[in-house]
Amino acid sequence: MALDRQQSITLTSKLTCNVNTTDNNNPSFHSRRKVRRRGSFAAELLHGRKNLLGYLLFFLLLYLTGLITFVDPISAIFYKPSSPGSVYKSHEIFDKLWPQIQSDNSSAIQLSTVWKYKRKLKEHKHCLNTYTARRLGPDYYLIVDANGGLNQQRSSICNAVAVAGLLGATLIIPRFELHNVWKDPSLFSDIYDEDHFINILQGHVNVVRELPKDLMEKYDNVSNMKYLKVPAWASASFYLEEVLPVLQKRRVIRIAPFANRLAVNLPPQIQFLRCLANYEALKFVDPILMLARKLVKRMTKNILSSGGEFISVHLRFEEDMVAFSCCVYDGGVAERIRMELVREEGWGDKFKRNNRVIEPGLNRINGKCPMTPLEVGMMLRGMGFTNNTPIYLASGKLYQAEKYLALLRKMFPLLETKESLTKPDELASFQGFSSRLAALDYMVCLSSEAFVTTQGGNFPHFLMGHRRFLYNGHAKTIKPDKMKLARLLYNTSISWSSFKDEMKLMLAESDRRSVMVPRSVNSNRRDSLYSSPFPECRCVWEAWNSTLKLPHAVNMQGH
């Protein structure tokens, strides 16, 4: 009969004691001590052999104990129970609580009453109608290579406009770098309306599509042009003192990569250029906007019971994201092998280097693991959203979608995606272009009453800021406390009532944090202008608000 862990440890302790205990009442014990004192080599040898046999027997018993308890022998010595939250147990807890979730008839939360906090933006200095950037001259050019996915590239574009204004240079339409993960070959003109971009910035920053002929002939091809190295988060003074002289000498400079090559804090007139680029100049091309409008219309068509309002969820549970996080779920050995393969294909030996420490349990405890569809569903049901709440799911191709998405649909039958809302021919021209697909998701999420972010990154970063810009400072965003969720969804004895109480507190905290707290223009920023646009973007907001009568997120003009 197999022994349990406690029995095996007890047995090991007893046997170990029997091996190492010395009988002090035995006369021969004292005689042996006397022999050793006299320096008897034979006696020392005999004693050493007995000790050696004792140690061998001890480790043999320890090894057998390890086999019995199915634990590595060394681990049996240093065994520690897993820390609360370090292991994925959400599926176990869902199975236990599902009957209670189904029978929960308590009052349901209405989308129209989710947001309790209200705050009006404080008045600031009178906005200037225009800002005219300094002019170095028409024959000095800035070229940037925008790297990353859709919104990291968006950051590069806005920063490029700001740097061009700071230097007084003409900006060449930004080039998009082909990323080995996103693998989207789209050009600027495939995503954004070039004419609109150039026209909106006219009078602020000069923008052209390509270099003049003399410079093109000199370099033959832009790809042959050497990069100018700029440190991450470079200040305005760095550009003026280090970059400007190079530009004056060469007439054209190329900076790559560029997404994080400009500081958060900049002079107000340069921040204005960032705002103008992000909220006015960057308009998606018509094919993206037209299909996005159709998705929003279809999303709201059959949900009159919710007042035409819906929740959008940005779910980062794609295979590459799960692999990159190094988190462990409930897929066992097959999952581990698959994730190692994905990491090797996407990032080479990055995760196998000697200085790389991978601790899945610690990642989960610290809230760094991507939320599964199941966890999102339990959180929202716990917050009070019932099974008739419409949800739009924004994501790429989910990891093991059939397995993980089924449980979310079980909790929210009115779940839709861009694939479920479109006909195959409508989405055909977008397939294989991750940035264009992300742009569709971005516009639908922008139009939702509540936006749920689950993993961070550039997509929610920009979207929260854009929603604050639209909704007078309130992001209307649910941002989970993933550290708390990890602990709660580890406790297999938790009741549905207790879980709901915690989720309601989490929703209230998300509401509080979603309210934009206006800051003085002279304050030192710690967060990005793209996630918290005010007060610097107020001038752009006032100009936009005075010319638009319908909610910007609904008619999607200018984006």
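Note: hydrogens, waters and symmetry copies are ignored here, and every other heavy atom, side chains too, is used. This chain uses plain numbering: 1 for the first residue, then up along the sequence. Keep in mind the model is a prediction, meaning the values are calculated, not measured.
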query = Hey, does the side chain of S155 reach the backbone of N151 with a donor-acceptor pair shorter than 3.5 angstrom?
reply = no
inquiry  = Pair F430, K418 - check side-chain contact (heavy atoms from CB on, under 4.5 Å), show working.
reply    = CA-CA 11 Å; F430 291 80; K418 52 186 172 291; over 6 Å; no
ask   = Strictly by modelled atom types, are S528 and S531 linked by a side-chain donor-acceptor pair under 3.5 Å?
value = no
request  = For M503 and L488, run side-chain contact (heavy atoms from CB on, under 4.5 Å): C-alpha distance rounded to whole Å, both residues' side-chain angles, the deciding distance at 0.1 Å, then the answer.
outcome  = CA-CA 10 Å; M503 292 304 99; L488 293 173; 3.6 Å; yes
key: Test: E340 and R336 ion pair at under 4.0 Å   = yes
query = Stepwise, does the side-chain contact (heavy atoms from CB on, under 4.5 Å) test hold for S189 with V285?
reply = CA-CA 8 Å; S189 58; V285 292; over 6 Å; no
query = Going by atom types alone, do Q110 and S112 pair a side-chain donor with an acceptor below 3.5 Å?
reply = no
query = Which pair of non-hydrogen atoms, one from V207 and one from I198, has the smallest distance, and what is that distance?
reply = O-CG2, 3.7 Å
request  = Of all the heavy-atom pairs spanning M506 and D481, show the shortest one and how long it is.
outcome  = SD-N, 3.4 Å
task = For residues R274 and L262, determine if any side-chain heavy atom of one lies less than 4.5 Å from a side-chain heavy atom of the other.
result = yes
request  = With rounding to the nearest 0.5 Å, note down the distance linking CG in L427 to CZ in R436.
outcome  = 12.0 Å
ask   = Above 12 or not: heavy atoms from other molecules or residues under 6.0 Å from NZ of K500?
value = yes
ask   = More than 12 foreign heavy atoms under 6.0 Å from NZ of K96: is that the case here?
value = yes
key: E319 with R338: basic N within carboxylate O range, under 4.0 Å   = yes
ask   = Under the 3.5 angstrom rule, does the side chain of D190 hit a backbone N or O of L187 as a donor-acceptor pair?
value = yes
query = Quick one: does R513's side chain have a donor or acceptor within less than 3.5 Å of a partner on T477's backbone?
reply = no
key: R467 side chain vs E449 backbone, donor-acceptor pair below 3.5 Å   = yes
ask   = Any donor-acceptor pair under 3.5 Å linking the side chain of E375 with the backbone of T372?
value = yes
note = Distance col, row L405:CG vs L374:CG, nearest 0.5 angstrom, shows 11.0 Å
Rounded distance (nearest 0.5 Å) linking atom SG of C445 with atom NE2 of H466 = 12.5 Å
query = Are the side chains of D441 and H314 in touch, meaning some heavy atoms are under 4.5 Å apart?
reply = no
query = Any side-chain heavy-atom pair from I478 and L380 closer than 4.5 angstrom?
reply = yes
request  = Using the six-membered ring of F459, assess whether NZ or CZ of R316 lies under 6.0 Å from its centre and within 45 degrees of the ring axis.
outcome  = no
request  = Return yes if some donor-acceptor pair links the side-chain N/O of K482 with the main-chain N/O of C369 below 3.5 Å, else return no.
outcome  = yes
E502 vs L505 side-chain heavy atoms within contact, under 4.5 Å = yes
ask   = Using the ring of each side chain (for Trp, its six-membered ring), is Y329 parallel, tilted or perpendicular to Y88, with breaks at 30° and 60°?
value = perpendicular
request  = For W541 and F469, indicate whether the former's side chain and the latter's backbone hold a donor-acceptor pair under 3.5 Å.
outcome  = yes
ask   = K368 and Q455: which non-hydrogen atoms are nearest, and at how many Å?
value = O-NE2, 3.3 Å
task = Can you measure from NZ (K476) to CD (E309) and round to the nearest 0.5 angstrom?
result = 7.5 Å
task = Hey, can you tell me if F351 and W347 have their rings parallel, tilted or perpendicular (30° and 60° cut-offs)?
result = perpendicular
query = How long is the gap from CG on N199 to CD on E194, to the nearest 0.5 Å?
reply = 11.5 Å
request  = Inspect the contact between E426 and R298 and indicate whether a charged nitrogen and a carboxylate oxygen are less than 4.0 angstrom apart.
outcome  = yes
task = Determine whether Y442 and F462 make a side-chain contact, defined as any pair of heavy atoms from C-beta on separated by less than 4.5 Å.
result = yes
inquiry  = Could you walk me through whether R261 and V163 satisfy the side-chain contact (heavy atoms from CB on, under 4.5 Å) test, starting with their C-alpha distance in whole Å, then the side-chain angles of each, then the deciding distance to 0.1 Å, before giving a yes or no?
reply    = CA-CA 10 Å; R261 292 303 185 271; V163 170; over 6 Å; no
request  = Quickly, which of N159, N278, N458 forms a side-chain hydrogen bond (donor to acceptor under 3.5 Å, both in side chains) with R154? Name it, please.
outcome  = N278
query = Hey, is the main chain of G148 close enough, under 3.5 Å, to the side chain of Q153 for a donor-acceptor pair?
reply = yes
ask   = Any sub-3.5 Å donor-acceptor pair from N147's side-chain atoms to P257's backbone N or O?
value = no
Plane angle bin for F188 and Y192 - parallel if under 30°, tilted between 30 and 60°, otherwise perpendicular = tilted
inquiry  = Less than 4.5 Å apart, side chain to side chain, heavy atoms only: is that true for I191 and F176?
reply    = yes
task = List the steps and the verdict of side chain to side chain donor-acceptor pair (under 3.5 Å) for H474 and D511.
result = CA-CA 9 Å; H474 199 303; D511 185 15; 2.9 Å; yes
key: Least distance between heavy atoms, L266 atom then I270 atom   = CD1-CG2, 3.8 Å
query = Any idea which heavy atoms bring A406 and E402 closest together, and the distance?
reply = CB-O, 3.4 Å
message = Keeping R343 on the side-chain end and A323 on the backbone end, is there a donor-acceptor pair under 3.5 Å?
response = yes
task = Heavy atoms only: give me the nearest C537-L529 pair and the separation to one decimal.
result = SG-CD1, 3.8 Å
query = Got a second to check how far R381's CZ is from Q100's CD, nearest 0.5 Å?
reply = 12.5 Å
